[in-house]
Amino acid sequence: MFTGIDEVDWASMQHAYGSAEDVPELLRGLASPCPQERETALDGMYGAVHHQGDVYDSTLASIPFLFALVAHAELPDRGCIVELLVSIGGGDAADGFPHGEADDLMDADEEEDGADDNYAMARTAIRAGAAVFVELIADRDPQVRRAVPSALVRFLDEPARVLGLLRERLDVEQDGGVRMALAEGLGLFARLHTEFAAPAVDSLVTLCAAPDDPGLRLAALGQLAGCAPDRLPADLVPTVIALLRARSQRPRVPDEPERPDTDTLIGHLRRLRPADEEGSQLLRTLHSGLGGRTADRIALLEGQLTSADPADRCNAVWMSAGLLREWRADYAEPVALIGEQLVSDEERLRDAAVSVLESLFTLAVPAADRLAALVAAAPESWGRGTPTLGRPLKALARAGDTRAVPALAQVLAEPVVPNDVGHVIEYLGPAGEQLAPLLRERLRDVPLDSPETYDRAAPLLVALGRLRYDAAVPEVLRLLHGMPGELRRRDWLVQALARTLGTFGAGAREAVPALRELLDSECAVTAADALWSVAGDADAVLPVLLRELAAERAPAGHPRAAAEALGRLGPLAAPALPGLHRLAASSEVWERTAAACALWDIARDPEPVLPVFRSAWRQNAYTRGTIATCLARMGSAAAPAHDLIRAELTAPRRHRARSGGYGSHDILEDESLLHTCRAALDAMR
């Protein structure tokens with residue numbers, strides 16, 4: 001297995017943490033008779049040699065030895081090594097592309113970025129050794145047989161042969177997990193090799209029918225949804241619900257053999273897996289394939305959420321998170337059913353429901369009664385004296401439910417306030433105002449010279465600013481004047497203090513001298529903006545903002561912030577128009593957007609503004625809320641942009657889903673965008 005390993009100059013190679021001289025030890029560890037040592041070695045391979053999907057020279061040098069390991073029939077855990085080889089070869093990166101096209105796209109990107117060709121070399125090396133996978137499709141270890149279909153489809157450059165191997169193996173395979181992997185392989189094959197897809201799709205259609213195992217039929221339906229949705233049955237939802245019910249009534253066997261309990265990332269991730277990981281994967285595949293068919297997905301979730309099996313309901317809760325985050329629809333019924341899971345005896349199910357509801361903000365209202373009951377029944381979960389607010393209470397407050405106020409008052413009565421408490425009070429509306437005196441008291445208690453001063457003060461300042469509670473001006477000034485110059489995150493805290501004073505408006509007039517002193521500091525823009533809000537002194541503010549707007553080497557974000565502040569001055573900022581026109585041509589989309597907004601607010605001329613908005617809207621979906629807000633201010637002058645607004649209001653996907661990645665506020669921001677777009681459309685009429 002390791003012939004020639006000591007002749008490789010590993011010390012001259014690199015992995016994620018430096019020299020690769022430890023790689024031979026990791027490779028030998030994969031062949032250890034001790035399960036703990038094998039898992040530790042595998043963790044090291046993923047953690048260093050193939051760190052976060054990266055391919056180093058040491059990764060390439062490891063490939064021949066990994067192939068030798070999987071070919072050694074007596075070695076346990078070879079299925080994990082096959083999965084490692086698949087990941088090194090590109091894994092999911094090629095899914096959805098015709099065979100070879102993914103390589104062309106990846107290689108083009110690498111050339112454009114000037115990156116090395118390690119990824120392409122890895123794919124080439126895995127393909128060169130892919131004949132090994134042919135032998136492994138009938139291996140005596142079911143874990144190996146389960147990992148092989150994906151490897152064959154991705155890396156064996158003989159599509160007709162691959163299809164034949166998958167279909168032949170289905171005829172003789174007895175292991176249920178392997179049969180599901182073969183179905184997944186057929187679906188992947190149909191997506192990657194469209195010219196050979198028809199027989200693979202036919203095989204999947206056959207697998208969807210009785211008398212096959214319910215799990216296998218669900219797997220086949222999920223693959224059809226992704227590669228041939230027109231072949232799905234007309235009664236898809238009742239069929240899937242019936243199969244789920246039938247599957248849950250069968251004895252559940254472990255998806256894989258017992259693994260050692262190791263202190264590794266792999267071990268940690270395994271402990272985080274859902275109780276029914278196979279069921280979770282089946283449903284994830286089906287939901288992913290259904291995509292924007294939200295009516296079907298909602299009906300499917302409602303069926304899952306009313307199942308007698310807690311594992312099915314838990315899987316449904318997690319599936320709902322992706323649907324709610326990506327697609328727009330009426331979710332009142334499924335959200336109410338998620339709320340019903342809060343009374344379950346299953347802690348894992350309750351935790352899943354709270355986690356999803358926490359991200360929904362006002363969309364969680366149909367579950368608010370259950371959340372309120374949970375909060376009332378478990379005061380110990382509120383987060384009193386802890387770094388973070390209790391998740392049920394946080395979800396209830398984010399939903400805007402006033403029943404969160406008494407619990408938040410008790411949390412604020414503690415000496416240590418959770419860091420995120422200030423970020424939820426704003427969603428309570430007028431009801432949150434009764435918490436303002438407590439917030440002020442806690443701000444008064446913040447030490448002036450602690451390493452934790454910023455962390456403790458920042459959330460309180462956010463809340464006081466949102467509530468515009470100007471009675472707290474003395475406490476804000478105490479921090480501003482009293483903190484030492486060497487305080488950790490001092491500049492951040494000064495920014496937060498000045499911003500909070502600005503939200504108080506004229507009620508913070510006693511802070512004017514302090515804000516004037518900051519006009520020559522690093523937070524000059526924030527101070528000038530606050531001074532305008534408090535005193536309306538354009539003579540003091542305008543020169544500072546013009547200076548920051550024109551600064552050639554301004555810190556990141558300063559020109560944008562200066563433009564936003566200038567816009568709030570309105571026509572008084574007319575001297576800034578030349579600089580704003582230059583900024584509106586910036587290569588940075590947020591600078592262009594801020595400049596265009598300011599141009600409108602100052603000059604009321606839509607001609608230079610609308611082209612910038614149109615370009616930014618399409619380039620970066622995150623700018624849409626800012627642009628829509630300005631379009632609403634523009635009224636009928638924004639009418640030429642009505643197509644952008646109408647298209648957004650009729651789009652089925654959430655705007656941030658189109659820009660990739662997800663954040664905790666994505667649903668909130670999308671719902672806010674829709675509200676603003678409706679206001680803009682009304683203003684255009």
**Message:** If the condition is side chain to side chain donor-acceptor pair (under 3.5 Å), which residues does T526 pass it with, not counting sequence neighbours?
**Reply:** Q495
**Asked** Any side-chain heavy atom of L286 sitting closer than 4.5 Å to one from L290?
**Response** yes
**Request:** Would you check if S359 and R325 make a side-chain contact, meaning some heavy-atom pair closer than 4.5 Å?
**Result:** no
**Asked** Do the side chains of P418 and V411 get nearer than 4.5 Å, heavy atoms only?
**Response** yes
**Prompt:** Judged by atom type as modelled, is there a donor-acceptor pair below 3.5 Å linking the side chain of T453 to the main-chain atoms of P447?
**Reply:** yes
**Request:** Return each pair, listed once, that meets salt bridge (Lys or Arg N to Asp or Glu O under 4.0 Å) where at least one residue sits in residues 472-484; pairs must be two or more places apart or across chains.
**Result:** R440-E475, R444-E475
**Request:** Go through the steps to decide whether E326 and R297 satisfy the test salt bridge (Lys or Arg N to Asp or Glu O under 4.0 Å), and finish with yes or no.
**Result:** CA-CA 12 Å; E326 185 171 1; R297 293 180 67 181; 5.2 Å; no
**Message:** Determine whether a donor-acceptor pair (N or O, by modelled atom type, separation under 3.5 Å) exists between the side chain of S672 and the backbone of E669.
**Reply:** no
**Message:** Just to verify, what does D22 make a salt bridge (Lys or Arg N to Asp or Glu O under 4.0 Å) with, not counting sequence neighbours?
**Reply:** none
**Fill in**
Between the CG atom in L438 and the CG atom in L408, the distance rounded to the nearest 0.5 Å is 10.0 Å
**Request:** Take R442 and D445 through the salt bridge (Lys or Arg N to Asp or Glu O under 4.0 Å) test and state the conclusion after the steps.
**Result:** CA-CA 5 Å; R442 295 288 72 80; D445 295 338; 2.4 Å; yes
**Prompt:** Between S344 and R313, does a side chain to side chain contact (heavy atoms under 4.5 Å, CB included) hold up when you go through it step by step?
**Reply:** CA-CA 10 Å; S344 169; R313 301 202 305 275; 4.0 Å; yes
**Prompt:** Residues two or more places apart in sequence or in another chain: which of them pass salt bridge (Lys or Arg N to Asp or Glu O under 4.0 Å) with E671?
**Reply:** R654
**Message:** So S280 and M319, do their side chains get closer than 4.5 Å, heavy atoms only?
**Reply:** yes
**Request:** Rounded to the nearest 0.5 Å, what's the gap from CD1 on I338 to CD on E302? Could you check?
**Result:** 10.0 Å
**Prompt:** Would the number of heavy atoms belonging to other residues, nucleotides or ligands and lying under 6.0 Å from CD of Q410 be above 12?
**Reply:** yes
**Message:** Quick check: closest heavy atoms across L396 and R403, and the distance to 0.1 Å?
**Reply:** CD2-C, 4.0 Å
**Message:** Among residues at least two apart in sequence or on other chains, which ones pass ring-ring contact (aromatic ring centres under 6.0 Å, His included) with H665?
**Reply:** F361
**Asked** Mind checking whether T388 and N419 have side chains closer than 4.5 Å, heavy atoms only?
**Response** no
**Complete:** In short, P392 meets L371 closest at the heavy-atom pair O-CD2, 4.0 Å
**Message:** Quick check against the 3.5 Å criterion: does H287 have a side-chain atom that pairs as donor or acceptor with the backbone of G291?
**Reply:** no
**Message:** side chain to side chain contact (heavy atoms under 4.5 Å, CB included), that's the test. Do L479 and L443 meet it? Break it down for me.
**Reply:** CA-CA 9 Å; L479 281 168; L443 189 64; 3.6 Å; yes
**Item:** Nearest non-hydrogen partners of G339 and A367, listed with the distance
**Value:** CA-CB, 3.6 Å
**Item:** Candidates H655, R653, R624 - the one meeting side-chain hydrogen bond (donor to acceptor under 3.5 Å, both in side chains) with D670
**Value:** H655
**Asked** Backbone N or O of G625 within a donor-acceptor pair of the T629 side chain at under 3.5 Å?
**Response** yes
Please list, one pair per line, the donor and acceptor atoms closer than 3.5 Å that link side chains of residues 461-471 to other protein atoms, with sequence neighbours excluded.
from	atom 1	to	atom 2	distance (Å)
R466	NE	E426	OE1	3.3
R468	NH1	T503	O	3.0

**Item:** From CA spacing to verdict: salt bridge (Lys or Arg N to Asp or Glu O under 4.0 Å), E522, R490
**Value:** CA-CA 11 Å; E522 289 295 319; R490 186 182 190 280; over 6 Å; no
**Request:** If the plane angle is over 60° it's perpendicular, under 30° parallel, otherwise tilted; pick one for Y17 and H15.
**Result:** perpendicular
**Message:** Could you report the tightest heavy-atom contact between V356 and S320, atom names first, then the distance?
**Reply:** CG1-OG, 3.9 Å
**Message:** Evaluate L497 against M483 for side chain to side chain contact (heavy atoms under 4.5 Å, CB included), listing each step before the verdict.
**Reply:** CA-CA 12 Å; L497 292 165; M483 59 181 167; 3.9 Å; yes
**Request:** Not counting sequence neighbours, which residues clear ring-ring contact (aromatic ring centres under 6.0 Å, His included) with H675? List them please.
**Result:** none
**Message:** If we ignore hydrogens and angles and just use 3.5 Å, is the side chain of E588 paired with the main-chain N or O of W590 as donor and acceptor?
**Reply:** yes
**Backbone of R284 reached by a side-chain donor or acceptor of S288 within 3.5 Å** = no
**Request:** Rounded to the nearest 0.5 Å, what's the gap from CG on L305 to CG on L349? Could you check?
**Result:** 9.0 Å
**Request:** Return the minimal non-hydrogen interatomic distance between I241 and G303, and the atom names on each side.
**Result:** CD1-CA, 3.5 Å
**Item:** Test item: side-chain donor near acceptor, T285 and Q281, under 3.5 Å
**Value:** yes
**Message:** I'd like to check R398 versus L668 (side-chain heavy atoms, cut-off strictly below 4.5 Å). Are they in contact?
**Reply:** no
**Prompt:** Tell me, which pairs form a salt bridge (Lys or Arg N to Asp or Glu O under 4.0 Å) where one or both residues lie in residues 494-517, sequence neighbours left out?
**Reply:** R516-D537
**Asked** Does any pair with a residue in residues 373-397 pass salt bridge (Lys or Arg N to Asp or Glu O under 4.0 Å), and if so which ones, sequence neighbours excluded?
**Response** E358-R391, E358-K394, K394-D420
**Message:** Whether the side chain of W327 engages the backbone of P652 through a donor-acceptor N/O pair (distance < 3.5 Å, no angle test) should be reported.
**Reply:** no
**Message:** Quick check: do R348 and C314 have side-chain heavy atoms less than 4.5 Å from each other?
**Reply:** yes
**Request:** Without swapping roles, check the side chain of S355 against the backbone of D351 for a donor-acceptor pair under 3.5 Å.
**Result:** no
**Prompt:** Between atom CG of N315 and atom CG of L283, what is the distance when rounded to the nearest 0.5 Å?
**Reply:** 5.5 Å
**Item:** Nearest-0.5 Å distance that lies between atom CG in L300 and atom CG in L244
**Value:** 7.0 Å
**Request:** Decide yes or no for E333 and L337: does some side-chain heavy atom of the first lie under 4.5 Å from some side-chain heavy atom of the second?
**Result:** yes
**Message:** Between R488 and Y454 (side chain of the first, backbone of the second, donor and acceptor by atom type, cut-off under 3.5 Å), is there such a pair?
**Reply:** no
**Prompt:** Taking it one step at a time, do L360 and Y331 satisfy side chain to side chain contact (heavy atoms under 4.5 Å, CB included)?
**Reply:** CA-CA 11 Å; L360 300 187; Y331 293 116; over 6 Å; no
**Request:** For Y56, check ring-ring contact (aromatic ring centres under 6.0 Å, His included) against everything at least two apart and list the hits.
**Result:** none
**Item:** Residues which pass salt bridge (Lys or Arg N to Asp or Glu O under 4.0 Å) with R568, listed by chain and number, not counting sequence neighbours
**Value:** D529
**Prompt:** Where do A457 and L493 come nearest, in terms of heavy atoms and distance?
**Reply:** CB-CD1, 3.9 Å
**Complete:** Residues passing the salt bridge (Lys or Arg N to Asp or Glu O under 4.0 Å) test with R370, sequence neighbours excluded, are E340
